[in-house]
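One structure below.
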Amino acid sequence: MTIEIRPLRAEDFRDVGRIFFCAVHEGTRHAYTLEQRRAWAGDTIDLSRWKDRLTTLAGFIAEEDGDPVGFMTIDRTGYVDLAFVLPSAAGKGVGGSLLNAVEHWAVANGATRLTSAASLVARSFFEKNGWTVLEEEEIDRQGVVLRRYQMQKTLAEGGQ
């Protein structure tokens, strides 16, 4: 298995939509109810939404032997908005490779810390990578309450 990390491109919208949908519906089923997962990711992959959204996002996509298996987005303030890996690729270093790329990008673009609103599932991943929880919060998605965590990581020179 070879994991390659490359910049996210607008034409990756189909893969990003599929990864997001599968990660939410399959990868978080032990942490969120079906109602919560449906409120979060919908009942189908909304390709037009992803096509529009990817025109405004910066980030990275991970490919395992040429197949897209994960992605992570970041903005110039260091906010990691989206961080998803296919359940079939979980535990193989995909998330860590993406996070490493994001951290280096953030430092190169002047960010001194990373922040994110992490799901129940993502919390442990971020904590294992040096992040801390600032607060737990509940948000409303289409009338359904989802729990998540505001998290941060202070960046050192060089991105680690």
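Everything numeric in this text was worked out from a predicted model, so none of it was measured.
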Kindly determine whether V102 and V80 satisfy side chain to side chain contact (heavy atoms under 4.5 Å, CB included), including the steps that lead there. CA-CA 8 Å; V102 162; V80 176; 3.9 Å; yes
Before you tell me yes or no, could you show the steps for E64 and K92 under side chain to side chain contact (heavy atoms under 4.5 Å, CB included), namely the whole-Å CA-CA distance, both residues' side-chain angles and the distance that decides it to 0.1 Å? CA-CA 10 Å; E64 178 183 354; K92 296 181 179 180; 3.5 Å; yes
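L98 places a side-chain heavy atom less than 4.5 Å from the side chain of V94. Under the 4.5 Å side-chain criterion, counting only non-hydrogen atoms from C-beta, H30 is not in contact with L120.
A salt bridge between R6 and E63 is present, with a side-chain N of the basic residue lying under 4.0 Å from a carboxylate O of the acidic one. Ionic pairing of E138 and R148 is not present here: no N-O contact between side-chain nitrogen and carboxylate oxygen is shorter than 4.0 angstrom.
Side chain to side chain, D46 and S48 meet the donor-acceptor criterion of an N or O pair below 3.5 Å.
Side chain of D75 to main chain of G78: a donor-acceptor pair is present (N/O by atom type, distance under 3.5 Å, no hydrogens or angles). No donor-acceptor pair under 3.5 Å is formed between the side chain of D12 and the backbone N or O of L8. Side chain of D140 to main chain of V145: no donor-acceptor pair is present (N/O by atom type, distance under 3.5 Å, no hydrogens or angles). Remark: side-chain polar atoms of Q36 are paired, donor with acceptor, to backbone N or O of T33 under 3.5 angstrom.
More than 12 heavy atoms of other shown residues, nucleotides or ligands fall within 6.0 angstrom of atom CZ in R53. By the 6.0 Å contact criterion, CD on E136 is enclosed, its count of non-hydrogen atoms from other residues, nucleotides or ligands being greater than 12.
Put simply, V121 and V16 are part of two different groups of oily side chains (I, L, V, M, F, W, Y) that touch within less than 4.5 Å, one to the next. Linking ILVMFWY side-chain heavy atoms closer than 4.5 Å, directly or via other members, places I139 and L82 in a single hydrophobic cluster.
Residues meeting the side-chain contact (heavy atoms from CB on, under 4.5 Å) test with L47, sequence neighbours left out: F13, R14, I45. A90 pairs by the side-chain contact (heavy atoms from CB on, under 4.5 Å) definition with nothing, not counting sequence neighbours. Residues satisfying the side-chain contact (heavy atoms from CB on, under 4.5 Å) test with N129, not counting sequence neighbours, are L99, F125, W131.
Atom NE2 of H104 is separated from atom CD1 of I74 by 12.0 Å, given to the nearest 0.5 angstrom.
Taking the ring axis of Y149 as reference, the NZ or CZ atom of R123 stays within 45° of it and closer than 6.0 Å to the ring centre.
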